[in-house]
A.B. asks: 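Got a structure here, written out as structure tokens. Questions coming.
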Amino acid sequence: MTIRTRFAPSPTGYLHVGGARTALFSWLFARKHGGTFVLRIEDTDLERSTAESVNAILEGMTWLGLEYDEGPFYQTHRFDRYKALIQQLLDEGKAYHCYCSKDELDAMREAQMARKEKPRYDGRCRHRQAPVAGVPPVVRFRNPDEGEVVIDDLVKGRIVVRNSELDDLIIARSDGSPTYNFTVVVDDLDMRITHVIRGDDHVNNTPRQINILKALGAELPKYAHVPMILGADGARLSKRHGAVSVMQYRDDGYLPEAVLNYLVRLGWSHGDQEIFSIDQMIESFDVPDINHSASTFNPDKLLWLNHHYLMHSDPVHVAHHLRWHLGRLSIDPTEGPDPVEVVKAQRERCKTLVEMAEASVFFYRDFQHYDEKAARKHLGEDAARGLRHLRDTLAALRPWVRESIHDVIAATAESLGLKMGGVAQPLRVAVSGTSVSPPIDWTLAILGQTKSIARIERAIDWIEKKD
Ligand code: GLU
């Protein structure tokens, strides 16, 4: 049997953390077993679905690298198929028209509540002989009365629901449009899904979906309902807890592999291993190891992982993402040092790509002002002497590499009888505008000789003109 999984988002917003985790689990399971991962857009709710949201979801999947083998399929393109199967169920007596008015249904519910019964449709139209003139009917699925539905959920274990607890679900509205639970079932059937991995907010739908699948003569998929994600306060993760959109993490300077690594560990574990490359995830992941209880979202851990990936990923790869962030700061990275070199110099001290980009602007663009505190401390009258000496010796330096730059700075300090910091800090403020940067010899090596000298000149001028 070929494993076939799917991710089936409703396009009513962005790709959020919970959805991305479900997608990742489904993708990993398919990849692990050499199976097929299907993307299905559940856009039947015409009022809430938007093209913008579809794009946001596709963009999120692409950014995370969760490539799908089939799809995206759109439910709105499949209405003829749903209608044909609704007709088939009607013809076979497995579904029926219901003409009950809203008033009738309200009265039914009130009477049941008065009797302290659970409100449910009592099936009165199952036996109605003639249509009611002028009333467009809905179609209800005739749920079995007897027996029970058994779900051997791969995460939650056995769940048993008696059919007497389920009522006859509406599968087509009075305008003929199919309802959510029906379209999911038809799609899972037609797309030959073998494993339905989804959030456990859908667990109550599953017995109904199973009964409809059986009525359509389908083989049942296996189900795995993944527990939800909570914020630190124990409430379901929502906007209140900060970023929940995957693309917000891109904008905030996270690498996709850090987000994936974070998501895979959110509700799944493999011993006490924390760091997983994509290949290791595929190798180690298994559905039965998904936690049985809800998981708590921890932004600090995600940040820690991001720093780990900034430090240990191929700088060429990190630079690809850094370029994007530099672009957001209106910097053209071709007009300055190779971002790969910038990554190598900056990554130790930056936890996000946003931090890295902001701390690297000075490599590409002249800064407007010196950081006030840094200038007060390091660009005083006495700094000018060292800077002049450096300007002269650095201007003549060949080759312009870290080691030779280091030697010049050390020799300058020695000849002026200063400590290394007494020369290096003014130099740092002169070239970067601030008192924080990568090691100063490295900073100058990346900035280049011409720009470095020009900025030293500028600082000397600034000190001279200050009073
Ligand atoms: N469209 C549903 C959702 O976004 C998922 C349905 C399913 O996975 O069966 O919550």
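Throughout, residue positions are numbered sequentially from 1 according to the sequence presented. For ligands, and for the atoms within them, numbers begin at 1 and follow the listed sequence.
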A.B. asks: Do Arg140 and Tyr121 form a cation-pi contact, if we require the NZ or CZ to be under 6.0 Å from the six-membered ring centre and within 45 degrees of the ring's axis?
C.D. replies: yes
A.B. asks: State, yes or no, whether a side-chain contact exists between Ile41 and Pro9 at a heavy-atom distance under 4.5 Å.
C.D. replies: yes
A.B. asks: Under a 4.0 Å heavy-atom cut-off, which residues neighbour ligand 1?
C.D. replies: Arg6, Ala8, Pro9, Ser10, Glu42, Tyr180, Val184, Arg198, His202
A.B. asks: Using side-chain heavy atoms (C-beta onward) and a distance below 4.5 Å, is Val431 in contact with Ile440?
C.D. replies: yes
A.B. asks: If we check ring-ring contact (aromatic ring centres under 6.0 Å, His included) with Tyr262, which of these qualifies: Trp268, Phe297, Tyr249?
C.D. replies: Phe297
A.B. asks: With the side chain counted from C-beta on, respond yes when Phe73 and Asp187 share a heavy-atom pair under 4.5 Å apart, and no when they do not.
C.D. replies: no
A.B. asks: With distance as the sole criterion, is a donor-acceptor pair present between the side chains of Gln280 and His270 under 3.5 Å?
C.D. replies: no
